[in-house]
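Each chain gets a letter, A, B and so on, in the order its sequence line appears, and its residues count up from 1. Computed from a predicted model, the values in this text were never measured in an experiment.
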Amino acid sequence: MPKVFAIVDCNNFYVSCERVFNPTLNGKPVIILSNNDGCAVSRSNEAKTIGIQMAAPVFKIRHIIKKYDVQVLSSNYALYGDMSQRVMETLSGLVPNMEIYSIDEAFLDLSAFRKQDLIEYGRKIQKTVRQWTGIPVSVGIAPTKTLAKLANHIAKKSHTAKGVVNLLALSSLDSILEKTNIEDLWGIGHRYGKFFNAHDIRNARQLRDLNETFIKSKMGVMGTRLQQELKGIPCYHLEYQPAPKQGITVSRTFQKEISNFDDLDSAIANYASRAGEKLRLENAVAQIIVVFLLTNRFRENGHVSFETVRMPVATSDTAELIHFAGEGLRMAFKKGRLYKKAGIILKAITPDKPIQATLFDTKDRSRSGKLMQALDTINHRMGCNTLKYAATGLSPKQKWQTIFNYRSPAYTTNWQQLPGVV
DNA sequence: TCTGGGGTCCTAGGACCC
DNA sequence: TCTGGGGTCCTAGGACCC
């Protein structure tokens, strides 16, 4: 029995989250900025229309912001994370099986609804999510994930579709694929787009009908799968259980370059501490910690240094992670360099039981586990950083701290910041 | 002056083992 | 002691995603 895939994608997700709690943003050009208010990472349709590109640095678009009175907001991840959860919960009540694909997208299995009017079902999804969460979504329906993504892309652009497109209703996809630029396909990025264009392969139909050996030689099996999926033969299926993480990264760009070791040391301690929280959320431990330092890549002579530390025993204990991260930092640090970004990566991640202990392990593992549990509980209940390690820095103002100058309140996750009715 | 953060998968090549 | 071939594992780098 052929499958029916749908993808539900929240429109301009971060902007839409802000609009739910601040309706004065409706109808206006709005952008949401990345950390340190650096780039525009989410744009309302109005902002797209006046030419603001994805990831455009703010300093390069100041004139547009001023000219069109663009509403500018810092990222508010607590809000977006919470809104995402609400959207996903709503969707899970509407279909038997779904895969959460990203913060603002989910693949659904609509195979059971094939006899119904799928467009109508798509509208029901749209309407329910809008009603329950306030978030507008688009729905793409097709026989494969890749085609569903394409359907969604069309749903967002077309004026007649009103946000729902079903490619199963078409007898032939030829003309749709012909109108689709190759770069708009899921799996074709900047590099491949350029490559195929240089070979005069510009639309999705051309790619679908391309010689299989050629595409395999250029793109490997990913190319073969993409081609199959465009032909309507599914290669990717729904993944219900999120796969265990292979790596956990915590990194930040600094607003101003940092050359002082102690500042970097407390920044790295913070990242280690945050990474430990993520690790414990996965009920996992890590054995390898990589520390990296980057100088400004937009200047000449950009440097990157990575240092790997293999810890004697795999752990999720914050104190240990801070200790070994510090060791990595001492190896990576070079006096006199101006660092723009720093981070850590945890690797060799395994479930936290059983831990492979060494003969020389002197640490009381069960005690440290209880301590971490208490730490996480308190920080979850009282707000993050209620309890923290001194190594992460005691002064409230740190050089490495990320700036959010235009942040909206934590409407949904903080009692002090609930929206009031006036 | 000012340019985000966190992931995945695949492949080629080297190390190592039998 | 020398030699060949094949399998497996690991890693770095490149591509992609949101």
Side-chain angles (χ1 to χ4, degrees), chain A residues 7-14 31-43 52-63 65 72 74-77 80-81 84 99-107 145-146 149 152-153 182-196 215-226 235-236 239 242-257 271 274-275 278-279 281-282 287-288 290 292 294-299 302 304 306 308 310 338 340-349 400 402-405:
Chain A
I7 185 151
V8 178
D9 189 324
C10 301
N11 301 343
N12 316 328
F13 182 56
Y14 294 177
I31 56 174
I32 312 297
L33 306 182
S34 62
N35 280 352
N36 288 317
D37 297 333
C39 307
V41 291
S42 178
R43 306 155 294 151
I52 297 179
Q53 299 292 315
M54 182 61 179
V58 174
F59 73 93
K60 284 191 181 171
I61 55 170
R62 286 239 190 267
H63 59 289
I65 293 174
V72 177
S74 306
S75 294
N76 186 342
Y77 300 115
Y80 313 148
S84 171
E99 171 192 340
I100 297 174
Y101 178 65
S102 74
I103 192 165
D104 69 336
E105 285 170 275
F107 283 105
K145 279 184 163 180
T146 304
K149 288 285 280 186
N152 198 288
H153 181 77
I182 199 160
E183 303 90 348
D184 292 333
L185 288 172
W186 192 44
I188 300 290
H190 186 72
R191 292 304 271 269
Y192 287 135
K194 222 168 133 185
F195 171 81
F196 285 117
I215 197 165
K216 172 101 195 268
S217 74
K218 295 302 165 193
M219 286 183 71
V221 296
M222 301 302 274
T224 312
R225 288 180 197 154
L226 173 56
C235 298
Y236 303 109
E239 283 163 35
K245 284 200 197 310
Q246 297 178 16
I248 289 175
T249 305
V250 179
S251 71
R252 294 289 180 273
T253 298
F254 310 130
Q255 230 214 349
K256 280 188 183 151
E257 278 109 342
Y271 308 154
R274 178 73 194 112
K278 290 188 180 186
L279 198 54
L281 225 49
E282 295 264 314
Q287 179 125 38
I288 290 175
V290 180
F292 61 93
L294 280 68
T295 59
N296 196 330
R297 67 193 164 110
F298 295 101
R299 291 190 208 282
V304 293
F306 285 81
T308 302
R310 175 173 281 270
L338 297 172
K340 184 63 179 168
K341 180 175 182 170
I344 69 157
I345 307 166
L346 300 181
K347 300 207 293 192
I349 294 176
W400 42 263
T402 313
I403 306 290
F404 300 94
N405 279 333

A/Y14 atom OH is separated from B/dG5 atom C1', nearest whole Å, by 9 Å
Reckon A/I345 touches a base, only the sugar-phosphate, or nothing at all at heavy-atom distances under 4.0 Å? nothing
Out of C/dA15, B/dC2, B/dG5, which has the shortest distance to the side chain of A/N35? B/dG5
Mind checking if A/K149 touches a base, just sugar-phosphate, or nothing, with heavy atoms under 4.0 Å? sugar-phosphate
Name the nucleic acid region contacted by A/G343, choosing base, sugar-phosphate or nothing; use a 4.0 angstrom heavy-atom cut-off, strictly under. nothing
Reckon A/L33 touches a base, only the sugar-phosphate, or nothing at all at heavy-atom distances under 4.0 Å? nothing
Should the heavy atoms of other residues, nucleotides or ligands under 6.0 Å from NZ of A/K278 be counted, would the total exceed 12? yes
Under 4.0 Å between any heavy atoms, over every strand shown, what does A/K347 touch: base, sugar-phosphate, or nothing? Just pick one. nothing
When all nucleic acid strands are considered with a 4.0 Å heavy-atom cut-off, which category describes A/K341: base, sugar-phosphate, or nothing? sugar-phosphate
Just the rounded figure in Å: distance from P of B/dG5 to CE of A/M54. 14 Å
Nearest-Å distance once atom C1' is located in both C/dC18 and B/dC2: 25 Å
Would you say NE2 of A/H190 has more than 12 non-hydrogen atoms from neighbouring residues, nucleotides or ligands within 6.0 angstrom? no
Taking the side chain as every heavy atom from C-beta outward, state whether A/L338 and A/N296 have any pair of such atoms under 4.5 Å apart. no
Distance below 4.0 Å between A/R225 side-chain N/O and B/dC9 OP1 or OP2: no
Nearest-Å distance for atom pair CD1/P, residues A/I344 and B/dG5: 14 Å
Using the side-chain heavy atoms of A/K278, tell me which of these nucleotides is nearest: B/dG7, B/dG4, B/dC10. B/dG7
To the nearest angstrom, how far is A/D184 atom CG from C/dC18 atom C1'? 16 Å
According to a cutoff of under 5.5 Å between the ring centres and under 30° between the ring planes, does A/W186 stack with the base of C/dC17? no
Quick check on DNA chain B: between A/P244 and A/R297, whose nearest nucleotide comes earlier from the 5' end? A/R297
Heavy-atom nearest nucleotide on DNA chain B for A/M219 versus A/G247: which residue maps closer to 5'? A/G247
B/dG6 C1' sits how many Å from A/L279 CG, rounded? 15 Å
How long is the line joining CG of A/L338 and P of B/dT1, in whole Å? 15 Å
Minimal non-hydrogen separation, A/I61 against A/I31, with atom names: CD1-CD1, 4.1 Å
Would you say a side-chain N or O of A/S102 is under 4.0 Å from OP1 or OP2 of C/dC17? no
Determine: side-chain N/O of A/T249 to OP1/OP2 of B/dG7, distance under 4.0 Å, yes or no. yes
Nearest to the side chain of A/R299, which nucleotide is it out of B/dG7, C/dC18, B/dC2? B/dC2
Rounded to whole Å, the CD1-P distance (A/I403 to B/dT3) equals 12 Å
Flag, side chain of A/S74 to backbone of A/N405, donor-acceptor distance under 3.5 Å: yes
Closest to side chain of A/F298, choosing from B/dT3, C/dC18, B/dG5: B/dT3
Classify the nucleic acid contact of A/N36 as base, sugar-phosphate or nothing, counting any heavy atom under 4.0 Å across all strands shown. nothing
Closest to the A/V221 side chain: B/dC9, B/dT11, B/dG7? B/dT11
Could you point out which residue of A/R299, A/K340, A/K341 forms a salt bridge (charged side-chain N to carboxylate O under 4.0 Å, His left out) with A/E257? A/R299
A/S34 side chain to A/V41 backbone, donor-acceptor under 3.5 Å: no
For A/S34 and B/dT3, is the shortest distance between a side-chain N/O and OP1 or OP2 below 4.0 Å? no
Can you check whether A/R274 has a side-chain N or O nearer than 4.0 Å to OP1 or OP2 of B/dG6? no
Atom NE2 of A/H190 and atom C1' of C/dC18 are separated, to the nearest Å, by 18 Å
Kindly point out which of B/dC2, B/dG4, C/dC17 is positioned nearest to the side chain of A/Y101? C/dC17
Minimum-distance nucleotide (side-chain atoms of A/F59 versus C/dA15, B/dG4, B/dC2): B/dC2
With both distances under 3.5 Å as the test, what is the Watson-Crick or G-U wobble partner of B/dC18? C/dG5
Taking 4.0 Å as the cut-off, does a side-chain nitrogen or oxygen of A/K245 come that near to OP1 or OP2 on B/dG6? no
Side chain of A/P57 only, heavy atoms from C-beta on: which candidate in B/dT3, B/dC9, B/dG7 is closest? B/dT3
From the set B/dC9, B/dG7, C/dA15, return the single nucleotide nearest to any side-chain atom of A/Q246. B/dC9
B/dC17 and C/dT3, which share atom name C1', separated by this distance in whole Å: 15 Å
Sugar-phosphate only, base, or nothing, as touched by A/I188 at under 4.0 Å among non-hydrogen atoms: sugar-phosphate
Identify which nucleotide among B/dG5, C/dC16, B/dC10 has an atom closest to any side-chain atom of A/Y192, counting heavy atoms from C-beta outward. C/dC16
Return the orientation label for the A/F196 and A/Y192 ring planes: parallel under 30°, perpendicular over 60°, tilted otherwise. tilted
